J.: 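For reference, the structure I am asking about is given below.
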Amino acid sequence: MKAKKITEKRILELLDDPQFNLIAAESPWAFADEIEAVNQYLMATTPKLPEHLRAVQPQQTRIVGRRVARIEDPDRLTGQAIFTTDVRLPGMLHTAILHSPHAHALIENIDTSAAEALPGVRAVLTYKNVLKERIGGPPDMFILNQEIHFAGEEVAAVAAEDIHTAREAAGLIRVTYRVLPSVTDAEAALAPGAPDLGHGAEGIARGNQLAMSYPLTKRGNFDTAYAGAAVKHEGTYRTSTLQHATLEPRAAVALWHGPDQLTVWASTQYIMGVRAELATTFGLPRSHVRVICQHMGGGFGDKSSSVRQGRIAAILARMTQRPVRVEYDRQLNFNAASHRYATVVKLQAGADRGGKLAAYRADAISDSGAYAAFSLADVMVSLVRTYHAENAHFQQVSALTNRGPSGFQRCVGNPQGTFCQDIFMDELAEKAGMDPLDFRLANVETKVDQDRKLPWASCGIVECLQEGAKAIGWRQKWHKPGAAITGSKAHGIGMTAHACAHGSMAFPMTAMMKIDRDGSLDVIQSTTDIGGGQSTQMMMIGAETVGVRLEDAHPSYGDSAFTADSVGTYGSLQTMTGGSAVRVAGLDLKWRILQQATKPLPPKNAPLLPGKPEDLDTGDGFVFLKADPSKRVPIRDVVASTGGPMMGQGAHTIPAGYGMSTFAAGFAEVEVDLDTGDVRLLRYVAANDVGKAVNRLGVEQQIEGASSMGIGMVLGEEMKFDGPGNFPVNWNWENYAMPTVLETPKWADYKPIIVEPGDAIGPYGAKGVGEPPTSPPAPAIANAIYNAIGVRIHDAPITRDKVLAGLAQIRRG
Amino acid sequence: MKSFEHMSPTSVQEAVKMLSVGNARVIAGGTDLLGIMKDGLLPTDRVVDLKAIPGLDKIREESGELRIGALARIGDLASSALVQQKAPALAAAAFAVASPQIRNAGTLGGNLAQKVRCWYYRDADRADCYKRNGSYCYAIFGQSELHALFDGAACFAVTPSDTAIALSALAARIVVAGPKGEREVGVDDFFIGPAVDYMREVALAADEIIVDVRIPSTWSAQPSVFLKAAPRKAIDFARGSVGAAVIGSPVIQKARISLGAVAPTPKRATASEAFLEGKRLDAATIAKAAELATEGAKPLANNAYKIRLTQGLVRQALTRLAS
Ligand SMILES: Cc1cc2nc3c(=O)[nH]c(=O)nc-3n(C[C@H](O)[C@H](O)[C@H](O)COP(=O)(O)OP(=O)(O)OC[C@H]3O[C@@H](n4cnc5c(N)ncnc54)[C@H](O)[C@@H]3O)c2cc1C
Ligand code: SF4
């Protein structure tokens with residue numbers, strides 16, 4: 001791979017671009033050169049943690065590592081939490097959005113006169129009267145398009161006094177479409193004779209193949225090593241298009257104060273990104289835009305930008321001089337929100353007689369969907385890092401199709417890549433005559449990032465595999481495929497090994513810390529808490545670092561008015577990034593407190609405590625002498641002695657010289673009904689290397705939530721498209737089969753194992769955990785199904801029709 | 001939703017009269033109708049609410065029959081000791097419906113008269129499907145995994161009702177009230193396929209109301225079962241289901257087997273029923289009866305899995321009846 005030259009000017013532009021932050025976090029390989037340049041720049045320019053702050057790091061943890069309920073739980077559980085969709089302002093208008101029934105079409109005419117004439121309608125927005133701002137792509141995605149690229153795409157928006165009037169008016173808009181040829185399958189889109197979606201002319205694609213893609217990664221010589229391998233295997237694996245199906249749909253409420261001050265309540269993972277986008281849209285200074293998101297009803301990667309909904313709300317609000325609320329209805333949210341992209345991965349590998357991987361090759365096609373705006377559809381991140389392979393070749397192409405826009409869904413590409421990879425590895429283990437667990441233990445990469453040649457900042461993959469195997473009883477339960485059938489029920493057990501960049505990445509971020517005269521601590525950060533317990537964890541890190549009791553700490557978050565610009569909550573990076581900024585701000589404040597405690601005070605000119613700041617420590621709300629902890633004063637007295645609150649501030653520091661990764665293993669036990677093809681998940685064990693658990697309860701909740709989404713990916717979730725029409729058919733919760741509580745194992749059989757090797761970079765050794773547990777369940781369950789019935793199914797989801805077809809290969813009647 | 005008129009009659013006669021005007025529809029629990037109205041699938045300017053009519057929700061034994069008022073809630077059917085004892089298949093089918101919330105609001109009458117769940121029919125964008133008074137069936141060339149193996153013609157949507165399958169196995173009769181008084185119709189004649197009229201699923205005129213459902217003494221208190229397969233354990237409509245009841249043990253005198261989710265109506269497995277008469281339920285007999293159940297199936301592009309599924313369900317149902 002040839003490195004591009006990136007100028008300093010470009011680096012500074014990229015650093016200021018919320019889109020870049022997002023892509024860098026979610027698809028780190030898509031702009032590998034840019035990201036490398038930005039990282040180098042930050043490493044050179046970001047101050048290292050100063051010596052004096054290093055000297056006052058807490059000696060032992062008192063709060064980090066505890067089990068703490070999320071601070072928002074009481075509000076949420078009693079229905080008092082105010083989500084974006086709950087915001088109601090005096091005089092607020094409601095919006096209905098008309099969508100396209102066609103997968104690919106040009107709007108030839110759009111007549112809004114009847115809609116505008118309906119009493120109660122205040123404004124109608126179409127591509128004709130909306131600001132022509134390119135908000136993503138390729139291909140060109142505007143706030144509203146004249147050329148429609150997928151069925152369900154936003155066509156017009158109506159603001160009216162109530163939602164019923166708005167919907168009725170939307171139904172009165174007459175649109176004349178010129179229907180264009182369409183395709184919703186990536187392989188078909190790349191095949192000769194496919195309908196030309198017309199992006200070639202725009203210079204962003206060759207035919208329907210996206211020009212940008214994951215860079216070709218090569219190590220050693222695959223062909224030679226493969227030719228010489230004792231055991232060879234190849235196979236093709238597929239994953240489907242998934243929807244986040246967030247409980248709270250895309251939503252925003254916009255309010256203007258005069259012509260140049262805008263407040264937006266947005267259901268978003270990235271308040272600062274939305275602020276920057278809206279400032280650009282309206283040509284405002286960023287400080288004139290305030291974005292608020294205190295409670296989030298589910299993002300999972302879809303809500304990393306304000307995309308269309310935020311801009312539509314703000315434009316309609318400006319047109320009408322009224323507050324405007326936009327909430328996507330369920331159909332719109334299923335179809336127009338982003339999707340986890342479908343992939344096809346062809347894998348090929350050779351191993352030596354001892355089962356050691358000698359050559360590994362992956363060729364992937366992924367479906368970028370209608371727009372590549374928010375994802376470049378990578379699937380390679382876990383493939384290049386999980387297994388040790390000196391001779392390797394990883395190649396990917398992405399197709400533009402007429403599915404909805406692709407994007408991130410609780411990880412990027414890894415649920416897809418690992419699904420394919422770990423069924424494949426299971427098959428290779430069998431060919432090599434090895435137990436699947438032994439095969440993984442022999443082949444996982446434990447030391448370095450093989451492409452950047454940097455040692456891992458921490459690696460707990462072996463412990464994940466061993467502890468997980470112990471918890472499920474692998475050695476006792478694993479049997480030959482199809483060898484545990486009783487009556488019409490077959491038992492199976494399967495596993496996965498997984499490594500992921502997510503949870504280990506770090507980006508620039510700031511935090512502030514304020515402690516009042518009464519000793520109460522305000523941990524102020526621009527993190528958006530998306531339900532993953534981010535604010536609680538920041539509060540814990542802040543309280544730990546400053547040395548106050550947890551009860552005396554409070555997090556302020558989710559409001560862009562509070563603090564400086566920083567990244568959003570995606571890529572599982574808030575622990576590393578936000579947590580690290582909070583720790584630095586906490587150390588800064590602590591240093592000031594220790595200095596104040598040793599400063600001679602009038603009238604006696606005596607300090608509160610003897611010695612130098614370095615001789616002191618804090619904890620449980622006190623400053624004390626390290627040598628004699630009984631000599632102590634309450635922190636609040638120290639603060640009060642300054643006459644007012646004290647402040648600390650910090651920025652994340654970027655470490656150099658490490659490869660960063662999270663690791664996981666998954667173990668599943670299933671029962672397959674041979675009559676009906678029903679698959680029941682009996683037991684699931686998720687072992688995750690989190691570096692160090694900041695909030696043990698929060699980590700368990702993240703593992704459980706992410707695992708449930710992994711279970712959904714393999715047991716039912718799939719967006720289905722009508723063949724001839726290329727429009728989605730199952731865009732609701734009735735027909736899109738997300739698992740319910742009945743499809744996930746009982747808590748006793750749903751075991752999170754927290755592996756804590758301690759990370760060299762993360763705050764208190766912690767790494768993120770929001771996404772990494774999503775990937776292992778699907779391949780582990782697929783492997784367990786194979787172990788039960790003895791037939792391989794390569795395509796997710798593994799639904800009844802596929803199981804029954806598999807059974808037909810081996811069974812009578 | 002567009003505005004509409006809401007009426008609360010207190011007698012069946014009054015309700016029937018209110019139904020004879022314009023686009024009037026019965027509403028019971030509203031769990032199906034309100035969704036349909038919100039999506040604008042059926043023009044409705046008046047809803048006639050049956051909930052204020054006294055006595056329509058009784059579950060009782062009368063003249064040796066198990067009788068259930070149309071307004072009995074599905075949750076009550078599932079938990080009724082009388083239904084569990086007299087018609088185990090019906091109690092099981094009721095329990096298999098949707099989720100606790102929907103079972104607590106939905107009624108038996110509404111469950112029988114609900115509209116189909118074909119995903120094209122339920123998509124407001126696909127207004128030209130036959131069932132929406134159009135001239136096209138999307139399922140034929142489209143995604144047909146929900147659709148019928150049997151008796152499709154123009155429309156291939158399957159009957160969504162779980163209770164209907166159990167009632168068909170139990171030879172129930174439906175009592176319908178209209179302007180001319182009451183009439184009784186056998187459950188298998190109550191459901192009509194697209195060959196008769198693709199716009200309607202049930203033999204009800206616009207001003208007729210289901211008032212009662214009756215299970216004859218011959219079939220109540222006989223062993224009966226209902227089994228259902230769906231993507232998830234709750235909420236989902238059946239992808240396959242079977243209601244089965246037998247008279248006679250160990251030698252079967254008479255069997256009734258009804259299949260769900262494979263035809264526009266409950267589909268009686270008549271070949272299996274005939275085969276079982278005079279036989280004992282041993283493994284070979286069960287296997288043969290299961291195979292016969294899907295004889296004549298004509299799968300579309302995506303629903304062939306329903307053949308094996310249905311056979312598997314019949315096998316499991318008969319195995320249960322054998323023990
Ligand atoms: C998410 C979801 C999942 C579901 N899953 C299942 C399932 O698994 N199995 C299943 O069987 N059903 C299922 N259903 C359907 C549900 O059972 C029905 O909606 C319910 O039984 C209807 O009863 P209701 O009283 O609410 O009817 P309503 O919604 O009030 O009425 C439904 C229809 O029946 C007509 N109607 C109602 N009562 C009468 C009467 N007495 N005489 C004449 N016409 C009448 C109405 O005019 C209307 O057309 C599901 C529904 C939902 C929303
Ligand atoms: S199966 Fe029936 S309801 Fe579905 S598209 Fe065809 S005609 Fe319409």
Side-chain angles (χ1 to χ4, degrees), chain A residues 99-102 151-152 163-165 167-168 171 329-331 335 487-488 673-680 712 715-718 720-744 797 799-808 811-813, chain B residues 1-3 35 38-40 98-99 117-120 122-128 136 138-146 160 227-237 239-242 283 286-288 290-291 301-317 319:
Chain A
H99 65 253
S100 162
H102 305 294
I163 188 65
H164 302 287
T165 306
R167 287 199 184 127
E168 195 174 339
D329 62 38
R330 198 50 70 189
Q331 183 172 13
N335 298 340
S488 65
D673 187 315
L674 302 176
D675 281 326
T676 61
D678 269 325
V679 176
R680 205 153 75 85
L715 291 186
E717 290 182 46
E718 175 177 26
K720 295 193 173 166
F721 290 79
D722 176 76
N726 286 327
F727 55 85
V729 295
N730 60 338
W731 42 261
N732 52 39
W733 288 356
E734 174 185 334
N735 289 314
Y736 181 84
M738 281 187 294
T740 73
V741 71
L742 299 178
E743 275 68 48
T744 53
T799 40
R800 182 191 309 284
D801 50 333
K802 293 176 193 165
V803 175
L804 287 171
L807 287 167
R811 274 195 122 220
R812 42 93 226 179
Chain B
M1 200 188 301
K2 292 218 179 129
S3 27
K38 278 191 176 169
D39 292 340
S99 65
R117 305 302 297 200
C118 167
W119 42 33
Y120 297 107
R122 295 268 170 171
D123 182 346
D125 289 350
R126 310 299 147 200
D128 52 346
Y136 186 68
Y138 285 89
I140 296 173
F141 299 109
Q143 283 282 0
S144 53
E145 66 174 75
L146 307 180
L227 297 177
K228 165 176 173 178
R232 292 169 293 192
K233 292 192 194 70
I235 314 255
D236 289 342
F237 288 88
R239 295 291 194 268
S241 73
V242 56
I286 289 174
K288 182 71 188 164
E291 211 182 299
N302 313 109
N303 65 355
Y305 74 95
K306 286 188 176 181
I307 296 178
R308 295 182 62 84
L309 172 60
T310 300
Q311 291 176 355
L313 287 169
V314 172
R315 221 162 29 234
Q316 293 193 341
T319 307

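Just so it is clear, the model here is predicted, and its values are computed rather than measured. Numbered from 1 within each chain, the chains take letters A, B, ... in sequence-line order. As a basis for the values below, the full set of heavy atoms in this structure was taken, side chains included, without hydrogen atoms, waters or symmetry mates.
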J.: Among Gly725(A), Gly716(A), Pro724(A), which has the most heavy-atom pairs under 4.5 Å with chain B?
T.: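 That would be Pro724(A).
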J.: For Pro231(B) and Arg800(A), work out which heavy atoms get closest and say how close.
T.: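 That would be N-NH2, 4.2 Å.
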J.: Measure the spacing between OG1 of Thr676(A) and CZ of Arg315(B) and express it to the nearest 0.5 Å.
T.: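 Thr676(A) OG1 to Arg315(B) CZ: 9.5 Å, rounded to 0.5 Å.
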J.: Quick check on Trp733(A) against chain B: is it the side chain, the backbone, both or neither that has a heavy atom closer than 4.5 Å?
T.: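 Contact with chain B is through the backbone of Trp733(A) alone.
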J.: Can you tell me how far NZ of Lys306(B) sits from CG of Asp801(A), rounded to the nearest 0.5 angstrom?
T.: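 Taking CG in Asp801(A) and NZ in Lys306(B), the distance rounds to 11.0 Å.
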J.: Would you mind checking which part of Glu743(A) comes under 4.5 Å of any heavy atom in chain B, side chain (CB onward), backbone (N, CA, C, O), both or neither?
T.: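 For Glu743(A), heavy atoms of backbone and side chain both lie under 4.5 Å from chain B.
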J.: Side chain from CB out, backbone as N, CA, C, O: work out which of these in Ala805(A) comes under 4.5 Å of a heavy atom of chain B, or both, or neither.
T.: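 Nothing of Ala805(A), per the 4.5 Å heavy-atom cut-off to chain B.
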J.: Working to the nearest 0.5 angstrom, can you tell me the gap between Arg308(B) CZ and Leu807(A) CG?
T.: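 Going from the CZ atom of Arg308(B) to the CG atom of Leu807(A) covers 6.5 Å.
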J.: Among all residues two or more places apart in sequence or in another chain, which pass the side chain to side chain donor-acceptor pair (under 3.5 Å) test with Asn730(A)?
T.: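 Result, side chain to side chain donor-acceptor pair (under 3.5 Å) vs Asn730(A): none returned.
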J.: Of the non-hydrogen atoms in Tyr736(A) and Arg232(B), which two are nearest, and what is the gap between them?
T.: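 Taking every non-hydrogen atom into account, O-NH1, 3.7 Å.
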J.: Could you measure the distance from the OH atom of Tyr120(B) to the CG atom of Asp722(A)? Nearest 0.5 Å is fine.
T.: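 One finds 3.5 Å between OH of Tyr120(B) and CG of Asp722(A).
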J.: Is it the case that the side chain of Gln143(B) and the backbone of Gly723(A) share a donor-acceptor pair, with hydrogens and angles ignored and the cut-off at 3.5 Å?
T.: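 No; judged by distance alone, with no hydrogens or angles, the pair does not exist.
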J.: Can you tell me how far apart CG (Leu309(B)) and CG (Asp675(A)) are? Round to the nearest 0.5 Å.
T.: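 CG of Asp675(A) is found 9.5 Å from CG of Leu309(B).
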J.: Before giving the answer on side-chain contact (heavy atoms from CB on, under 4.5 Å), spell out for Thr799(A) and Glu145(B) the whole-Å C-alpha distance, their side-chain angles and the decisive distance to 0.1 Å.
T.: CA-CA 12 Å; Thr799(A) 40; Glu145(B) 66 174 75; over 6 Å; no
J.: According to the salt bridge (Lys or Arg N to Asp or Glu O under 4.0 Å) rule, which pairs have a member within residues 723-734 of chain A, sequence neighbours left out?
T.: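 For residues 723-734 of chain A: Glu734(A)-Arg117(B).
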J.: Would you give the length of the straight line joining atom OG1 of Thr740(A) to atom NZ of Lys233(B), rounded to the nearest 0.5 angstrom?
T.: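 Answer for the OG1-NZ pair, Thr740(A) versus Lys233(B), is 7.0 Å.
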J.: Using a cut-off of under 4.5 Å on heavy-atom pairs, state which of His99(A), Arg167(A), Glu168(A) scores highest against chain B.
T.: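 That would be His99(A).
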J.: Measure distances from Ala230(B) to the heavy atoms of chain A and classify the residue's part below 4.5 Å as side chain, backbone, both or neither.
T.: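 Only the backbone of Ala230(B) comes within 4.5 Å of chain A.
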J.: Would you say Lys288(B) has more than 12 foreign heavy atoms packed within less than 6.0 Å of its NZ?
T.: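 Not more than 12 within 6.0 Å, no.
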J.: Is it the backbone or the side chain of Tyr138(B) that comes under 4.5 Å from a heavy atom of chain A, or both, or neither?
T.: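 Backbone plus side chain of Tyr138(B), per the 4.5 Å heavy-atom cut-off to chain A.
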J.: Just wondering, do Gln316(B) and Asp673(A) contact through their side chains at under 4.5 Å, heavy atoms?
T.: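 Asp673(A) vs Gln316(B): side chains touch.
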J.: Using non-hydrogen atoms only, which part of Phe721(A) is less than 4.5 Å away from chain B: side chain, backbone, both, or neither?
T.: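 For Phe721(A), backbone heavy atoms alone lie under 4.5 Å from chain B.
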J.: At a heavy-atom separation under 4.5 Å, does Arg126(B) approach chain A through its side chain, its backbone, both, or neither?
T.: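 When you check distances to chain A, only side chain atoms of Arg126(B) fall under 4.5 Å.
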J.: Evaluate the side-chain proximity of Asp123(B) to Val729(A): yes if any heavy-atom separation is below 4.5 Å, no if none is.
T.: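 They are not in side-chain contact.
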